[in-house]
Amino acid sequence: MATRLRPSNKRCAVIGGSGFLGRHLVEKLLDRSYSVSVFDIRQSYELPGVTFHQGDLCDKQALLPALKDVSLVFHCASPAPASDDRGLFHKVNIQGTRTVIQACMEAGVQKLVLTSSASVVFEGTDIKNGREDLPYAKKPIDYYTETKIEQEKLVLEACDKEKGFLTVAIRPHGIFGPRDPQLVPILVDMARRGKMKFIIGDGTNLVDFTFVENVVHGHILAAERLRSDSPICGKPYHITNDEPIRFWDFMSEVLVGLGYAAPRYHLPYALVYGLAMLLWLLALILRPLVAFKPTFTPMRVALAGTHHYYSCERAKQDMGYKPVVSLKEGITRTVESYPHLRQGA
Ligand SMILES: NC(=O)c1ccc[n+]([C@@H]2O[C@H](COP(=O)([O-])OP(=O)(O)OC[C@H]3O[C@@H](n4cnc5c(N)ncnc54)[C@H](O)[C@@H]3O)[C@@H](O)[C@H]2O)c1
Ligand SMILES: CC(C)CCC[C@@H](C)[C@H]1CC[C@H]2C3=C(CC[C@]12C)[C@@]1(C)CC[C@H](O)[C@@](C)(C(=O)O)[C@@H]1CC3
C-alpha cells in the first residue's frame with residue numbers, strides 16, 4: 001500500500017538528528033505529524049517513521065538523498081566542542097555548512113533552520129541581557145566558537161527570497177536535559193575526580209541554561225513562521241529559558257540532586273583563567289609528543305566566571321516564543337534522567 005505522502009511543508013530533514021538536541025527535535029517533529037528524515041554521520045537510535053541516512057554532511061552526494069522531497073531542513077550537526085579540533089571544526093562547521101546550503105538549493109529545499117550558539121558574541125567578558133545585534137566576537141575564545149560564527153554568517157547570508165530559499169539561525173545557550181552528552185556527564189566526571197570543590201570567582205555571575213525542550217520549541221516556531229513575508233528571514237534569534245541563574249547555583253543544584261557535594265571554596269577568577277591559559281598553551285606545545293586535554297579550558301573557566309545571559313525579546317516579538325518548561329522543572333527532569341550518574345551508582 002503506498003504510504004500517504006504528507007503535504008510538502010510537513011516533510012523535513014534533521015542534519016545531526018542522532019545528537020542530543022537533534023533527537024529531541026526529531027521526537028517533537030514526529031509528535032507534530034512531520035515526516036522526518038535524519039542525516040548523521042552515526043545512527044544512535046531507531047524510531048518508527050524516521051528514515052535514517054548515514055553519512056558525512058561534507059559529502060554532498062551523501063546528503064542529497066536525505067533532502068529528496070523535503071521542504072524544511074534543520075541543521076544541528078557539529079563536532080563536539082570538547083574535541084577542540086580546529087581542523088575538524090573548520091571542515092564540518094564551515095566547509096560542511098557550505099555543502100549543506102548547496103545541497104539544499106540543489107534539492108529545492110525552501111527553508112533552512114540553523115542551530116547556532118549564543119556564544120558567537122562571547123569574548124570571555126560579561127554579557128548581561130545581550131541582544132542579537134551585539135557584534136560577532138572578534139577574538140573567540142575557542143576554535144568551536146570561531147567556526148560557529150562563520151557558520152551562522154554563511155547561513156544567514158544565504159537567505160534569498162527571490163530564489164525561495166529562506167534561512168534563520170537559532171542561538172541557544174547552555175542546553176541541558178535528558179541525554180545531554182556534554183554538560184551533566186562532564187560535570188559529574190569532574191565531581192567524581194574531586195575537581196568540583198571550588199567556585200571560580202565570587203559565584204554571583206548570572207548565566208542562561210536552556211532546557212532542551214525549549215530549544216526544540218524555538219526551532220519549530222522559527223520553521224513554521226519562516227515565510228517570505230516574515231520578519232525572521234535571515235536573522236538570528238536567542239532561545240533561552242528566560243530565567244538567568246547563578247552559574248554556581250545551577251552547578252550545585254545538579255550536583256546535589258545527583259548526590260554530590262556542592263562546590264564550596266572560592267578561587268580567584270583571574271588566577272584560574274591564567275592557569276587555564278598556561279595549560280592550554282602547554283597542551284598545544286606538547287601535542288606532537290603527548291595528547292592531553294585540560295579539564296579547565298579557558299572557555300570553560302570564562303563561562304564559569306563571567307555573566308553571560310541573553311535577551312530573547314526578539315524571539316518573543318517575532319515568533320511568539322516563550323519557554324514551555326521552567327528552569328526548576330527542567331533541572332528536576334534532568335537529574336531524574338541520570339540515575340546512572342548518581343553518587344555511588
Ligand atoms: N549543547 C549545547 O549546549 C549547545 C548550545 C548552543 C548550540 N549548540 C549547537 O546545537 C547543535 C547540536 O548540539 P548537541 O549538543 O546536540 O551536540 P551533539 O554532539 O549531541 O550532536 C551533534 C550531532 O552532529 C553529528 N555530526 C557531527 N559531525 C557530523 C558530520 N560531519 N556529518 C554528519 N553529522 C555530523 C554528530 O554525530 C551528532 O549526532 C550543534 O550545532 C551545537 O553547536 C549546542
Ligand atoms: C566548573 C567547570 C569549569 C565547568 C563544568 C561544566 C561544563 C562542562 C559546562 C558548563 C557550561 C557548559 C557550556 C558548554 C559545554 C559544557 C559546559 C562548559 C558549551 C560550551 C557547549 C557548546 C555551546 O554552543 C555553548 C558555547 C553555548 O553557547 O551554549 C555552551 C556554553 C555552556
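Ligands are counted one by one from 1 in listed order, and the atoms in each one are counted from 1 as well. We use all heavy atoms of the structure for the numbers below, so side chains are in, but hydrogens, waters and symmetry mates are not.
With salt bridges taken as basic N to acidic carboxylate O contacts below 4.0 Å, one links Arg86 and Glu146. With respect to Glu27 and Arg23, a salt bridge is recorded, a charged nitrogen being found less than 4.0 Å from a carboxylate O.
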With the criterion set at N/O pairs under 3.5 Å, what does the list of contacts between the protein and ligand 2 look like, atom names and distances included?
from     : atom 1 : to     : atom 2 : distance (Å)
ligand 2 : 24 (O) : Ser117 : OG     : 3.1
ligand 2 : 24 (O) : Tyr144 : OH     : 2.6
ligand 2 : 28 (O) : Ser117 : OG     : 2.7
ligand 2 : 28 (O) : Ser119 : OG     : 2.8
ligand 2 : 28 (O) : His173 : ND1    : 3.0
ligand 2 : 29 (O) : His173 : ND1    : 3.2
ligand 2 : 29 (O) : Gly174 : N      : 2.6

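Taking the six-membered ring for Trp and the full ring otherwise, the centers of Phe209 and Phe250 sit less than 6.0 Å from each other.
A heavy-atom distance below 4.5 Å is not found between the side chains of Ser78 and Gln151. Between Tyr321 and Asp242 the shortest side-chain heavy-atom distance does not fall below 4.5 Å. The closest side-chain heavy-atom distance from Asp318 to Lys235 is below 4.5 Å. Residues Phe211 and Pro323 have side chains not in contact (no heavy-atom distance under 4.5 Å, counting atoms from C-beta outward). At least one side-chain heavy atom of Val92 sits less than 4.5 Å from a side-chain heavy atom of Cys58. Counting heavy atoms from C-beta on, the side chains of Val254 and Leu183 never come closer than 4.5 Å. Residues Asp180 and Thr334 are not in side-chain contact: their nearest non-hydrogen atoms beyond the backbone lie 4.5 Å or more apart. Residues Lys148 and Ser119 have side chains not in contact (no heavy-atom distance under 4.5 Å, counting atoms from C-beta outward).
Within a 4.0 Å radius of atom 17 (O) of ligand 1, the protein contributes no non-hydrogen atoms.
Within the 4.0 Å heavy-atom criterion, neither part of His75 lies near ligand 1. Residue contacts with ligand 1 for Leu57 involve both N, CA, C or O and side-chain atoms from C-beta outward (heavy atoms, distance under 4.0 Å). Both the backbone and the side chain of Ala77 come within 4.0 Å of ligand 1, counting heavy atoms alone.
Residue contact check for ligand 1: Phe176 places no non-hydrogen atom closer than 4.0 Å to it. Ligand 1 has Gly55 within reach: a non-hydrogen atom of the residue lies less than 4.0 Å from it.
Neither side chain, Thr210 nor Asp208, offers a donor N or O lying under 3.5 Å from an acceptor on the other. A donor-acceptor pair shorter than 3.5 Å can be found between the side chains of Thr295 and Lys195. Side chain to side chain, Ser252 and Asp249 fail the donor-acceptor criterion of an N or O pair below 3.5 Å.
Residue Lys148 places at least one N or O, backbone or side chain, under 3.5 Å from an N or O of ligand 1. Note: no N/O pair closer than 3.5 Å links Pro79 and ligand 1 by distance alone. Checked by distance only, ligand 1 and Leu21 come closer than 3.5 Å through their nitrogen or oxygen atoms. Where the criterion is an N or O separation shorter than 3.5 Å, residue side chain and backbone included, Gly22 fails it with respect to ligand 1. In terms of N/O distances under 3.5 Å, ligand 1 is not approached by Ser117.
Protein heavy atom closest to atom 36 (C) of ligand 1, with residue, atom name and distance, is Asp40 OD1, 3.5 Å. Nearest to atom 27 (C) of ligand 1 among the protein's heavy atoms is Ser78 O, 3.5 Å. Given atom 11 (C) of ligand 1, the protein heavy atom at minimum distance is Cys76 O, 3.4 Å. When hydrogens are left out, the protein atom nearest atom 31 (N) of ligand 1 is Asp56 OD1, 3.0 Å; that is the closest non-hydrogen contact. Counting only heavy atoms of the protein, atom 6 (C) of ligand 1 lies nearest to Pro172 O, 3.6 Å. Scanning the protein for heavy atoms near atom 3 (O) of ligand 1, the closest one is Ile175 N, 3.0 Å. Among all non-hydrogen protein atoms, the one lying nearest atom 20 (O) of ligand 1 is Phe20 N, 2.9 Å. For atom 7 (C) of ligand 1, the closest non-hydrogen atom on the protein side is Ser116 O, 3.0 Å.
Here is the list of ligand 1 atoms found below 4.0 Å of a heavy atom in Arg42: 36 (C), 37 (O), 38 (C), 39 (O).
Selection from Val212, Leu88, Ile41 by nearest heavy atom to atom 33 (C) of ligand 1 gives Ile41. For the residues Thr115, Ile15, Val38, the heavy atom positioned nearest atom 10 (O) of ligand 1 is part of Thr115. The heavy atom nearest to atom 8 (N) of ligand 1, considering only Tyr144, Phe74, Phe39, Phe89, is found in Tyr144.
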Just do the side chain to side chain contact (heavy atoms under 4.5 Å, CB included) check on Thr115 and Phe74 with the steps written out, would you? CA-CA 8 Å; Thr115 311; Phe74 295 93; 6.0 Å; no

Could you go step by step and tell me if Glu336 and Arg333 meet the salt bridge (Lys or Arg N to Asp or Glu O under 4.0 Å) rule? CA-CA 5 Å; Glu336 287 169 355; Arg333 287 169 55 181; over 6 Å; no

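Scored by the side-chain hydrogen bond (donor to acceptor under 3.5 Å, both in side chains) test, Lys153 finds no partners at all (sequence neighbours excluded).
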